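We number each residue from 1, following the sequence as shown. The analysis underlying the following values was restricted to heavy atoms, covering all of them including side chains, and did not include hydrogens, waters or symmetry mates. Values in this document were obtained by computation on a predicted structure and should not be read as measured data.
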Amino acid sequence: MPIVSYTHMRDGASWKAKFFGTDPNSTLIRGASLLNRVGTQHRFVHRSILEYFFSRTIYGPADSNNDIAPPPHFDSSNINNHPLSQRSLVAEPSIVQFLAERVQLDPGFKPQLLAFIEQSKTDDDAACAAANALTILVKAGVSFIGSDLRGVQVPGADLSGGQFDSSQLQGANLTGANLTRSWIRQADLSKAWMEGVQFGELPYLKEVEIVISIAYSVDGKFFALGLDSGNINIYDTTNWTRTRTLKGHSEQISGLAYSPSGEQLLSGSWDQTVRLWSCKTGSADFILEGHADNVNAVAFAPAGNQVASASHDMTVRLWDSQTGSILFVLHGHTDYVFSIAYSPDGRNIVSGGSDKKMLTFNTHTGEMDLVLENTAAVCCVAYSPDGSRIISGHEDGYFELWRSASGESVKRLKGSSGRIHAVGFSPNGQWIASSSGGATVTLWEAHSLIPVSVFVGHSGLINSVMFSPNSLQLASGSYDKTVRLWDITTAGAGLNLVTNQSNQVVSVAYSPDERSIFT
């Protein structure tokens, strides 16, 4: 924050004397101002005061009758003297936010900012003002979809979250601009200056074969990839180097799960086996045999003492994770079992299958508790964070909410015209997300099942959704070879994380610290 030092003997003849001098009027004004004085040094009591006054030099001072005074007129031929030309405001979010609010409140301010942007097309001196103007307009929520921005000069502008679909940006100077989370579908960026542009995409791992399943260790230090060949690659997340490859399965890895302690890795395969690996040695502690067909899903109990596997052979098997011995073979399904989920307290497990049934079992006794009949195959199941409800997604496009204790159907809704491929609760229990073959993700209020938002952006079937641990973002993976992040706090503003995938995206997962997402 700027500091002004004043002594009357040294500075009495300078500009400082008009405010800091001994004249009674100056003393009165200074005493009523929001300043602190330490010795001969004066400063604003808080940086926000300085930011406010600087913002007012751009928008115009308030008058006695209306706090929303019109912006001052500017001379386009003298652009270098305008406050927006003095420095980049990207590092001044409070100033940008103040001016963005003025755009929303005063219709006359937006045209002036657009004039700076237009002037930059032919005037190099307008580049700084144009970059600041476009930053302010984007933060004000102004859409530039389909806009003619050819040749604009906005180096260093913060365009994150902006809407630029189908805009014309040919020859634009976007050097150092931030386009993270921006909507730029079908935007024409030919011959644009793109050096240093930030798109917000994180580094990705390249495998030589199809990745079928993924899992993070609970502490986030290790990451496992299950491959089509049956191998499992383990990565150290501190430097993303491969630490080992686990070999033993002979067909694709259909499911992975780390134990809550992080000491074991559970894998299920289409070779009809389940394996428990030691994370310390990389060897298979136990090979769990017994399934007579493909293993489709695996899960670790919350306490880590038990694991579960679901199979094409119409059974769910529960195993002791410490000895590898079979605890229970859960019968009841009459066709493939696609999905399983433990209750948060680990006392129950729910399974869903192509026989149009959901079954719940007591994990301590192996006894079946409930049979929930459905009108179509059950493709996915999940417990609410408090364990009181179960959500199921179905082949006919419906999903249903159930009371876990009684099996009573609370509500059944049409979520899609096609199969529900994924469904899940947010960790805070407030939201439910569902995805389908219709290339959309729907966000529902968990208690009322009222749709809150439909997230549009994918061009292919969406078969996986996952909330971030803090429930503020939702990730969706699609056959269009992209993963998109959606901001729940802004009702689904697309963050558009487009991955450089050469194949369809079949699963996504957040790291526990929410800094990374894997596809």
Side-chain angles (χ1 to χ4, degrees), residues 50-63 66-184 187 189 192-193 197 490 493:
L50 174 64
E51 293 170 340
Y52 174 79
F53 285 124
F54 182 80
S55 300
R56 281 303 189 182
T57 67
I58 297 171
Y59 182 75
D63 60 36
N66 183 10
D67 181 59
I68 309 302
H73 175 74
F74 80 99
D75 181 1
S76 61
S77 64
N78 196 19
I79 188 69
N80 288 326
N81 290 330
H82 194 279
L84 283 179
S85 294
Q86 302 309 305
R87 68 177 189 271
S88 171
L89 299 181
V90 168
E92 306 282 355
S94 298
I95 296 175
V96 172
Q97 183 60 36
F98 176 87
L99 295 173
E101 291 172 355
R102 306 277 79 77
V103 171
Q104 296 167 344
L105 293 170
D106 179 10
F109 190 31
K110 175 182 173 181
Q112 184 181 106
L113 296 176
L114 290 173
F116 287 119
I117 298 170
E118 187 67 25
Q119 185 175 343
S120 75
K121 295 180 179 180
T122 57
D123 184 356
D124 293 346
D125 291 338
C128 182
N132 285 327
L134 191 54
T135 296
I136 294 165
L137 290 170
V138 166
K139 300 312 173 187
V142 175
S143 172
F144 289 90
I145 294 176
S147 296
D148 182 0
L149 298 173
R150 289 176 292 182
V152 297
Q153 301 187 66
V154 289
D158 182 2
L159 310 181
S160 57
Q163 301 176 45
F164 296 95
D165 288 350
S166 302
S167 60
Q168 300 176 56
L169 287 159
Q170 301 96 308
N173 183 357
L174 300 174
T175 305
N178 184 358
L179 286 170
T180 302
R181 308 189 309 276
S182 294
W183 295 29
I184 53 174
L189 293 163
W193 300 9
V197 170
T490 56

Inset, instruction - Give a yes or no on whether the backbone of S160 and the side-chain of N178 come within a donor-acceptor separation of less than 3.5 Å. - result: no
Inset, instruction - Without swapping roles, check the side chain of Q163 against the backbone of V138 for a donor-acceptor pair under 3.5 Å. - result: no
Legend entry - Heavy-atom donor-acceptor pair, D165 side chain to I184 backbone, under 3.5 Å: yes
Inset, instruction - Compare every heavy atom of A177 with every heavy atom of V154, then report the nearest pair and how far apart it is. - result: O-CB, 4.5 Å
Legend entry - Under 3.5 Å: donor-acceptor pair, side chain of S120, backbone of Q153: yes
Inset, instruction - Determine the minimum heavy-atom distance between N80 and S85, stating which atoms define it. - result: O-CB, 3.9 Å
Inset, instruction - Spell out, as yes or no, whether a donor-acceptor pair under 3.5 Å connects the side chain of S147 to the backbone of L149. - result: no
Inset, instruction - Test side-chain contact (heavy atoms from CB on, under 4.5 Å) on L189 and L174 and set out the steps. - result: CA-CA 10 Å; L189 293 163; L174 300 174; 3.8 Å; yes
Inset, instruction - Mind checking the CZ-CG spacing from F144 to L159? Nearest 0.5 Å is all I need. - result: 8.5 Å
Inset, instruction - Please state whether the rings of F116 and H82 are parallel, tilted or perpendicular, taking 30° and 60° as the class boundaries. - result: perpendicular
Inset, instruction - Drop me the distance from R150's CZ to Q170's CD, to the nearest 0.5 angstrom. - result: 6.0 Å
Legend entry - Gap separating the CG atom of D158 from the CG atom of N132, nearest 0.5 angstrom: 10.5 Å
Inset, instruction - Return the minimal non-hydrogen interatomic distance between C128 and S88, and the atom names on each side. - result: SG-N, 4.2 Å
Inset, instruction - State, to 0.1 Å, how close V90 and G156 come at their nearest heavy-atom pair, and which atoms those are. - result: CG2-O, 3.2 Å
Inset, instruction - To the nearest 0.5 angstrom, please state how far the CH2 atom of W183 sits from the CD1 atom of I145. - result: 7.0 Å
Legend entry - Any donor-acceptor pair under 3.5 Å from Q104 side chain to A140 backbone: yes
Inset, instruction - Would you sort out whether L134 and V152 count as a side-chain contact (heavy atoms from CB on, under 4.5 Å), showing the intermediate values? - result: CA-CA 10 Å; L134 191 54; V152 297; 5.5 Å; no
Legend entry - More than 12 heavy atoms of other groups within 6.0 Å of K121 NZ: yes
Legend entry - Check: V142 and L113 side chains under 4.5 Å, non-hydrogen atoms: no
Legend entry - CD1 on I136 to CD on Q97, rounded to 0.5 Å: 11.0 Å
Inset, instruction - Could you walk me through whether T135 and L89 pass the side-chain contact (heavy atoms from CB on, under 4.5 Å) test, one step at a time? - result: CA-CA 8 Å; T135 296; L89 299 181; over 6 Å; no
